[in-house]
Amino acid sequence: ALEDLPHLQQELVTLAEAQGVRGTILLAAEGVNGTIAGADASVHALLARLRQVAGLERLEAKFSRSDTQAFHRLKVRLKREIVTMGCPTVKPAQQVGTYVLPQQWDALIRDPDTLVVDTRNAYEVAVGTFEGAIDPRTESFREFPAWVERELRPLVEQRQPKAIAMFCTGGIRCEKSTAYLKEQGFDEVYHLKGGILNYLEKVPQDQSLWQGECFVFDNRVAVNH
């Protein structure tokens, strides 16, 4: 668990402002999440500082290019959860599904014995998703556990899939989703490492099963390969 978050918050604000970096960074005891934009050297300076924090040494970052600054301002916020599920017993750092690299993802979700689940909110799914993915039609991630019990569990009992494959924008919601499913007794649970953004960065468009664009939480609204 991360410690002394108020001190880290102030350090990041000072560094980001000095480097001209804007965006949103969320800090919680369980980790860090965010999207930032700025010059290459400035972004890497902020990432280097985060990777000095005990527990964040292997912090994963996804990169994309924009001709203009994608944010109006800088926000560094302290949160109970970096992505709110409302299930305090779910701890991806202790128990989580099997990570699948972007290069191996298409083979997994092409298998008819795989149940593919989009863990994002309905407005994000409407912009783009993977072919054949189930849309839980949630308005917020807090609704996901209830959907699992109401719809996913009966579907799994009916179809008896060999695998449940889950994905989200950057990899955190699907980490929490697979951790929740494991806690609830589901087996053979997989998730896309680094999320859709990592997939779009690593998999060429002409080989991709992605359809549409990926909704992002900045002024660009959506991105593609």
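Hydrogens, waters and symmetry mates are skipped; everything else that's a heavy atom, side chains included, is used. In this text, all values refer to a predicted model and were calculated from it rather than measured experimentally.
Phe144 and Met166 get closest at one heavy-atom pair: CZ-CE, 3.3 Å. Scanning both residues, Pro112 and Arg159, for their nearest heavy atoms gives O-NH2, 4.4 Å. The two residues Leu56 and Leu50 come nearest to each other via the heavy atoms CB-O, 3.3 Å. When all heavy atoms of Val117 and Pro136 are compared, the pair lying nearest together is CG1-CG, 4.3 Å.
No close placement of the Phe167 and His191 rings is indicated, their centers lying 6.0 Å or farther apart.
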task = Start with the C-alpha distance between Val53 and Val32, add both sets of side-chain angles, then the distance that settles side-chain contact (heavy atoms from CB on, under 4.5 Å), and finish with yes or no.
result = CA-CA 11 Å; Val53 176; Val32 60; over 6 Å; no

task = Could you go through the side-chain contact (heavy atoms from CB on, under 4.5 Å) check for Ile134 and Leu155 one step at a time?
result = CA-CA 11 Å; Ile134 295 169; Leu155 185 61; 3.5 Å; yes

message = Quick one, Gln19 with Ser42, criterion side chain to side chain donor-acceptor pair (under 3.5 Å). Give me CA distance, side-chain angles, the key distance, then yes/no.
response = CA-CA 5 Å; Gln19 294 284 347; Ser42 301; 3.1 Å; yes

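Taken to the nearest 0.5 Å, the CD atom of Gln9 stands 10.0 Å off from the OG1 atom of Thr14. Remark: Ile36 CD1 to Leu46 CG distance equals 4.5 Å, nearest 0.5 Å. Rounding to the nearest 0.5 Å places CD of Glu175 at 3.5 Å from OH of Tyr99.
Heavy-atom contacts from other residues, nucleotides or ligands closer than 6.0 Å to CD of Glu139 number 12 or fewer.
Looking only at distances, a side-chain donor or acceptor of Thr114 sits under 3.5 Å from a matching main-chain atom of Leu108. Glu131 contributes no side-chain N or O that, together with a main-chain N or O of Gln211, makes up a donor-acceptor pair within less than 3.5 Å. The backbone N or O of Gly212 sits less than 3.5 Å from a side-chain atom of Trp210, completing a donor-acceptor pair. With Glu124 contributing its side chain and Asn121 its backbone, the two residues share a donor-acceptor pair below 3.5 Å. No donor-acceptor pair closer than 3.5 Å links the side chain of Glu30 to the backbone N or O of Lys91. Side chain of Arg51 to main chain of Leu59: a donor-acceptor pair is present (N/O by atom type, distance under 3.5 Å, no hydrogens or angles). For Gln160 (side chain) and Glu157 (main-chain N/O), a donor-acceptor pair under 3.5 Å exists by modelled atom type. Lys182 places no side-chain N or O within donor-acceptor distance of the main-chain N or O of Val189, the cut-off being under 3.5 Å. With hydrogens and angles disregarded, a donor-acceptor distance shorter than 3.5 Å links the side chain of Glu57 to the backbone of Gly55. Side-chain atoms of Asp218 come within 3.5 Å of backbone N or O of Arg220 as a donor-acceptor pair.
Contact annotation: the side chain of Cys214 never approaches that of Val127 to less than 4.5 Å [non-hydrogen atoms, C-beta and beyond]. Between His225 and Tyr199 there is a side-chain heavy-atom pair separated by less than 4.5 Å.
The one candidate from Leu197, Asn198, Ile196 that meets the side chain to side chain contact (heavy atoms under 4.5 Å, CB included) condition with Pro102 is Asn198.
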Do any side-chain atoms of residues 71-83 form donor-acceptor pairs under 3.5 angstrom with protein atoms, and if so which ones, sequence neighbours left out?
residue, atom, partner, partner atom, Å
Glu81, OE1, Met85, N, 3.2
Glu81, OE1, Lys176, NZ, 2.6
Glu81, OE2, Gly86, N, 3.1

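Ring-plane geometry between Phe215 and Phe217 is classed as perpendicular, the angle between the planes exceeding 60 degrees on a 0 to 90 degree scale with a lower cut at 30.
A salt bridge does not link Glu60 to Arg58: none of the charged side-chain nitrogens sits closer than 4.0 Å to a carboxylate oxygen.
Using modelled atom types and a 3.5 Å distance limit, the side chains of Ser177 and Arg173 yield no donor-acceptor pair. In the model, Asp118 has a side-chain atom that pairs as donor or acceptor with a side-chain atom of Thr129 under 3.5 Å.
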